[in-house]
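Working notes, beginning with the structure itself.
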Amino acid sequence: MRTFLAVFKNNWLRTVPRIVSLAVFTVFTLITVLFSVYVTGTQQVKAHIVFIQENGWAAAPESSQALDVTVMSEKPPRSSLVEQKYDAYVTADGAGNYQIDTLRGDDFKSMLLLLLEDPSADISGIQSERGVGVNIIGFMMMFLLMIAFFNMFAFADDKEQGQLKRIAAAPASFGWYLAAHCVYCLFMLLPEYLLLIILKLCRWDIGFSLLQYAYLMAVLAFLGISFALFLNTLIKKPDNANMLGNSVTVLSSILAGSFYSFSKNNAVLDGIIKVIPQKELMRFAASLQNGSASKHWGSIAYVVLFSLAMFVFSCAVLRRMYVKKV
């Protein structure tokens, strides 16, 4: 325990020269939380679509408060869907049946079809794909993972500078040493959680309960810590590990739909996305929003086991590299 306290205190002291970088990460994360609450609470238009009049005679559906319709004679490039300029491309056959081309899921297609058939239809009873809670977790996800990765700098520096060899040779517990780094990383997520508490006390709708946010953020932090420990264990230079880690975090979070829920309708890409832990966390958050979390416990278990596998592997390698050599 003495090792834990010494390392934990030392990490705070080593944070001082990096306080500006940490503050930037934290401020951006807090802004995304506020933005996600604002967007979810004020969003009225459910879909921005392009109706293609290929033959020039099909009647275009009417725009409404929930549906924004743009009429074109030719289908725009598919990249406009990827860039989220439009949510869907719609065509109609001679019988008046609509064909919908979108990157979003089946739930969105069902809602859009209802609005196309009746622009004034009441869709209040249709469960939204993403409520405020899912949006907050999604918007925070990438930043929380990057913060967790950033805050493993002390371990990365110790490894690069040869401090780990001296720590392993000293009468100190290697397990408590790693535990101190992990707890330190968890503590650095307190500003985001405190913001959620403030929003809750101000009676803002934040979707989930504070307890639910606590364990969702803890799972995210554990994923980020495990990934950071994994890369810093395998890669000698902290800068290289940090660069690779941030790149993978950004790409995987975007593919997982952290900012925008969509489906690529590509068997190979969908297969890759399915194994991304952030995707499973988003799926669990959606089920938590819909009240069916007990039926999707496997999603959160997958994230925990994925993180645990990286953590255990890293610890085993580190013990083999340092502890057993002394």
Side-chain angles (χ1 to χ4, degrees), residues 11 14-15 17-29 32 82 137-165 177-178 180-186 188-189 192 217-260 264 268-282 302-322:
N11 281 358
R14 296 165 74 177
T15 302
R18 301 169 180 258
I19 194 67
V20 174
S21 299
L22 180 61
V24 170
F25 271 120
T26 302
V27 168
F28 268 102
T29 309
T32 60
V82 178
I137 289 297
F139 277 54
M140 282 199 305
M141 179 180 292
M142 184 178 75
F143 294 100
L144 290 186
L145 292 173
M146 293 174 71
I147 288 175
F149 204 103
F150 175 82
N151 286 316
M152 286 296 285
F153 71 90
F155 167 80
D157 288 346
D158 286 347
K159 180 173 178 290
E160 182 189 29
Q161 296 168 9
Q163 297 290 343
L164 275 182
K165 293 180 180 179
Y177 167 79
L178 291 177
H181 289 304
C182 295
V183 173
Y184 166 78
C185 289
L186 286 173
M188 300 308 286
L189 300 184
E192 290 77 13
M217 290 176 66
V219 170
L220 264 177
F222 184 45
L223 176 62
I225 292 168
S226 299
F227 185 48
L229 186 65
F230 177 77
L231 287 186
N232 280 298
T233 297
L234 298 180
I235 300 176
K236 185 176 181 180
K237 293 290 184 180
D239 288 343
N240 295 340
N242 191 53
M243 185 180 301
L244 176 61
N246 287 333
S247 300
V248 173
T249 295
V250 171
L251 180 60
S252 59
S253 296
I254 292 174
L255 288 177
S258 61
F259 297 104
Y260 188 81
K264 299 295 291 184
V268 176
L269 187 57
D270 284 347
I272 295 174
I273 292 175
K274 285 180 181 178
V275 303
I276 298 176
Q278 293 100 307
K279 181 66 175 179
E280 291 302 314
L281 186 66
M282 291 299 296
Y302 173 79
V303 182
V304 173
L305 291 175
F306 188 94
S307 305
L308 188 61
M310 289 192 294
F311 189 85
V312 171
F313 174 82
S314 302
C315 290
V317 172
L318 288 171
R319 285 187 173 277
R320 183 178 180 85
M321 291 171 61
Y322 296 101

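For clarity, every value in this text was computed on a predicted model and none was experimentally measured. Note that the numbering runs from 1 along the sequence shown for the chain.
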Inset, instruction - Supply the atom-to-atom distance F227 CZ to L244 CG, rounded to the nearest 0.5 angstrom. - result: 6.0 Å

Legend entry - Close side-chain approach of L255 to Q278, heavy-atom, < 4.5 Å: no

Legend entry - Closest non-hydrogen atom pair between S314 and S226, with its separation: OG-O, 4.4 Å

Inset, instruction - Would you check if the side chain of S253 reaches a backbone N or O of V250 as a donor-acceptor pair within less than 3.5 Å? - result: no

Legend entry - Within the 6.0 Å centroid threshold, strictly below: F25 and F143: no

Inset, instruction - Drop me the distance from L189's CG to M217's CE, to the nearest 0.5 angstrom. - result: 5.5 Å

Inset, instruction - Please tell me if the side chains of V303 and L220 come closer than 4.5 Å, counting only heavy atoms from C-beta onward. - result: no

Inset, instruction - Measure the shortest side-chain to side-chain distance between N242 and F153 over non-hydrogen atoms and say whether it is less than 4.5 angstrom. - result: no

Inset, instruction - Hey, could you give me the OG1/CE distance between T26 and M188, rounded to the nearest 0.5 Å? - result: 6.5 Å

Legend entry - Rounded distance [0.5 Å steps], OG in S21 versus CD1 in I147: 12.0 Å

Legend entry - E160/K236 under salt bridge (Lys or Arg N to Asp or Glu O under 4.0 Å): CA gap, chis, key distance, verdict: CA-CA 6 Å; E160 182 189 29; K236 185 176 181 180; over 6 Å; no

Inset, instruction - Please answer whether the main-chain N or O of A154 pairs with a side-chain N or O of Y184 as donor and acceptor at a distance below 3.5 Å. - result: no

Legend entry - Interatomic distance, K237 atom NZ to K159 atom NZ [nearest 0.5 angstrom]: 10.5 Å

Inset, instruction - Flag the pair L178 / F155 as yes when at least one side-chain heavy-atom distance between them is below 4.5 Å, and no otherwise. - result: yes

Legend entry - SB check D157 R18 (cutoff 4.0 Å): yes

Inset, instruction - Please tell me if the side chains of F149 and L144 come closer than 4.5 Å, counting only heavy atoms from C-beta onward. - result: no

Inset, instruction - Indicate yes or no: at least one non-hydrogen side-chain atom of H181 is less than 4.5 angstrom from one of N151. - result: no

Legend entry - Atom of Y177, atom of D158 and distance for their closest heavy-atom approach: OH-OD2, 2.7 Å

Inset, instruction - Could you tell me the separation between the OG atom of S252 and the CD1 atom of I276, rounded to the nearest 0.5 Å? - result: 5.5 Å

Legend entry - Validation row: L234, F313 side chains within 4.5 angstrom (heavy atoms): yes

Legend entry - F311 vs F222 side-chain heavy atoms within contact, under 4.5 Å: yes

Inset, instruction - Measure across L231 and G245 and return the closest heavy-atom pair with its distance rounded to 0.1 Å. - result: CD1-CA, 3.5 Å

